[in-house]
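Below, chains carry the letters A, B, ... as their sequence lines are ordered, and counting in each starts from 1. For clarity, every value in this text was computed on a predicted model and none was experimentally measured.
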Protein chains: 2
Amino acid sequence: MVSKNRTVTIKDVAEEAGVSKSTVSQYLNNRYEYMGLETRERIAEAVDELGYQPNIVARSLKQKTSTTIGVIVANISHEFSTQIVRSIEEYCNESNFHIIVCNAEDDPEKEKKYIEMLRAKQVDGIIVFPTSMNISLYQSLNLEDYPMVFIDRYVPDVKTSSIMLDNKKASHLAVREFVERGYKKIGIVTNSTENNVTPRIERIEGFIEAARVNGLIVKNDFIKGVEIEAIQAELEKMLFRPDPPEALLAGNDLTLFEILKFVKEHKMEIPKDLAVIGIDDVSFASIYDPELTTIGQPTSEMGKKAAELLLKRIKGDEVAFQDIYRFEPFIKRRSSC
Amino acid sequence: MVSKNRTVTIKDVAEEAGVSKSTVSQYLNNRYEYMGLETRERIAEAVDELGYQPNIVARSLKQKTSTTIGVIVANISHEFSTQIVRSIEEYCNESNFHIIVCNAEDDPEKEKKYIEMLRAKQVDGIIVFPTSMNISLYQSLNLEDYPMVFIDRYVPDVKTSSIMLDNKKASHLAVREFVERGYKKIGIVTNSTENNVTPRIERIEGFIEAARVNGLIVKNDFIKGVEIEAIQAELEKMLFRPDPPEALLAGNDLTLFEILKFVKEHKMEIPKDLAVIGIDDVSFASIYDPELTTIGQPTSEMGKKAAELLLKRIKGDEVAFQDIYRFEPFIKRRSSC
DNA sequence: TTGTAGGCGTTATCAG
DNA sequence: CTGATAACGCCTACAA
């Protein structure tokens, strides 16, 4: 294989093989139905003689498809996000699609810029953890019938398939567990609910609902949705007041982390001084002391489903449109509650 | 802004503004030096009248550059990998580059396939956690002068800039810490060293060296490089023999995980029954009980450096070629040793 | 069964 | 200051 320095194109192959460009193109796209065996061989030879590699950019331009999708993650620092991305990548790889990953950092401006950039790069579709703030942008994408799937979060006024955890159920599972273990004074801590990020809201709603169903009254002070940076202070208020909660549900990995940090710093003991359940089955749950009871999300199924829906839509397979795909959370009973 | 369904091209803008395509192109590329103010305004109007978005694929084809780089991760399940990727993404974003992330799963075939695919997509360069098994492929890329940077691992016969941790130093730090705390019987556990993955080998070498320097004799049985799946069995052998090691260095996050699991299952106490230090400053180190002493890598600097080197090279800025860039590990003294 | 010609959307060159 | 015109590498009618 003589590697010429210049990029070798279809034209070179054609010349080398003594056929025309189109014949080579046919060959490359496996349309050898009407092709002479001999030509076929000559082309094959020329191809690896020259070390020819197709230029996908040129192909994309012509075919208006890039076999690439974009994934815009709201906040990559959640373990959940990387698990989802991994799962999407895995599925795409099987279909020979590539993914471009972008981290919007919960910033609608950044999200918008990324969406525009990805479209400019002609990606065939996008999977978004939506910030919920770019509603008209999402809508205009829909108008154009641009393939898009939401994941983790749901945007009310936008008709786009959304892959979601059954967040209320997640809270229900946790609350029921608390109740079964005899805890009556329970609370929940999540990230800020300000930008109405669906999971947080639904988890809180589910929590309140479940408490009611189980005959518990939850003090408002025991329900906190605040910035990560403010959690320590909130915990201090909540746990050091008279009659504090006995059990706390962490809305996600990051809040769980903050709770554990607090507990540790204040030399409290889990579950004696405070019972804890975390939503998201964090990696260290089973080796933590005590082992952490968690509510897990089926991340791999969720990512796969998102990718599957998107690719099908891209390929034009009619899939029944469904507003929301809810996935079942599962409880991992360990010893923190 | 009337959104036509058809994709709007430079040609449409030109017609709308009553100028030629080339003029529009000039405008779009900020070359208005010689452009009449009035034309400029007309074009600007036309652009958002039509909601024009440039087609980067077409531009790529013409300019032979895609403002995209590929990142091939050897194994995405190490926290380290995702941190590096995040850091690369961050740097690239500032330069308006995008990244395509691929997970080779330590499989040379997959790595090869990805490299070819990325090249076909005309990415401007790649950052690779090399499997070390595709030497001739790496070499041929070098021959073509294709921009590439290695990270985490080093491939002896390939002249490519590599971003590395000073792995020996990492082991030295750990061993010295053990020694200072009075441990004499120490061991190390890493993943399999079979495919001569540099960090693992260097960490073991550094460990042995450091032991010697500190006047310790390390039993061969206390040095293990095995598959993750086999670690539990090895630990059993190592720790339940007469005269077992008092302290263990975990070669990375995954092995640390295995050690902690073992310790937990066998109700051992850290550091009383076994002192532990882990290379990689795992996320839960500070909330674990006991807090975990770790040797951290400056992942964010490392990722940034890799991206910086690659982008500079892509942009044609001459950067002094350097074989290996070594980064300093740091110790986080906590309570597991 | 193979070849010719034209076009995908941009940019670059060079006149005008 | 602006506009033809020709590429970039590939694909696809349609013609031969």
- prompt: Hey, are A:Thr160 and A:Asn142 close enough side-chain-wise for a donor-acceptor pair under 3.5 Å?
  reply: yes

statement: Checking D:dG3, C:dT4, C:dT10 against the side chain of B:Tyr52 (C-beta onward), the nearest is C:dT10

query: Closest to the A:Ile10 side chain: C:dT10, D:dC11, C:dG9?
result: D:dC11

field: Sugar-phosphate only, base, or nothing, as touched by B:Val57 at under 4.0 Å among non-hydrogen atoms
entry: nothing

- prompt: So is B:Arg40 actually on top of B:Tyr27's ring, under 6.0 Å and inside 45° of the axis?
  reply: no

query: Among D:dC10, C:dT10, C:dA12, which nucleotide sits nearest the side chain of B:Gln63?
result: C:dA12

query: Any side-chain N or O of B:Thr9 under 4.0 Å from OP1/OP2 of C:dG9?
result: no

message: Just by distance, no angles: are the side chains of A:Glu111 and A:Thr131 close enough, under 3.5 Å, to form a donor-acceptor pair?
response: yes

- line: note: A:Arg59, atom CZ; D:dC8, atom P; distance rounded to Å ~ 19 Å

query: Just checking A:Ser60: base, sugar-phosphate only, or nothing, at a heavy-atom cut-off of under 4.0 Å?
result: nothing

- line: Atom CD of B:Gln53 and atom P of C:dT10 are separated, to the nearest Å, by 11 Å

message: Looking only at side-chain N and O atoms, does B:Tyr114 offer a donor or acceptor that is under 3.5 Å from a partner on A:Asn93?
response: yes

message: Tell me whether the side-chain N/O atoms of A:Thr23 come closer than 4.0 Å to OP1 or OP2 in C:dT2.
response: no

message: How many whole angstroms separate atom CG of A:Leu28 from atom C1' of D:dG9?
response: 12 Å

task: Select one nucleotide: of C:dT11, D:dG3, C:dT2, the one nearest the side-chain heavy atoms of A:Thr39.
output: C:dT2

- request: Report yes if at least one side-chain N or O of B:Lys11 is closer than 4.0 Å to OP1 or OP2 of C:dT10; otherwise report no.
  value: no

- line: Between NZ of A:Lys121 and P of C:dG9 the distance, given in whole Å, is 19 Å

- prompt: Whole Å only: how far is the CD atom of B:Glu15 from the C1' atom of C:dG9?
  reply: 14 Å

task: Just compare C:dT11, D:dT12, D:dC11 and give me whichever is closest to any side-chain atom of B:Lys62.
output: C:dT11

task: Classify the side chain of A:Ser22 and the base of C:dT4 as holding, or not holding, a donor-acceptor pair under 3.5 Å.
output: yes

field: Atom-pair distance (CG on A:Leu37; C1' on C:dT2), nearest Å
entry: 16 Å

query: So, is A:Ser20 close to the C:dT4 phosphate, meaning a side-chain N or O under 4.0 Å from OP1 or OP2?
result: no

Whole-Å gap separating P (C:dA12) and CG (B:Leu61): 13 Å

message: Taking the minimum atom-to-atom distance to the side chain of B:Ala58, which one of D:dG9, D:dA4, C:dG9 wins?
response: C:dG9

message: Check whether B:Phe321 forms a cation-pi arrangement with B:Lys159 (NZ or CZ under 6.0 Å from the six-membered ring centre, at most 45° off the ring normal).
response: yes

statement: Regarding the side chain of B:Lys21, the nearest nucleotide among D:dC8, D:dC10, C:dT10 is C:dT10

message: By nearest atom, which of the nucleotides D:dG9, D:dA4, D:dC10 is closest to the A:Pro54 side chain?
response: D:dC10

- request: May I ask you to check whether B:Ser22 and B:Ser25 show a side-chain donor-acceptor distance below 3.5 Å?
  value: no

query: Rounded to whole angstrom units, what separation is found between the CG atom of A:Asn55 and the P atom of D:dA7?
result: 18 Å

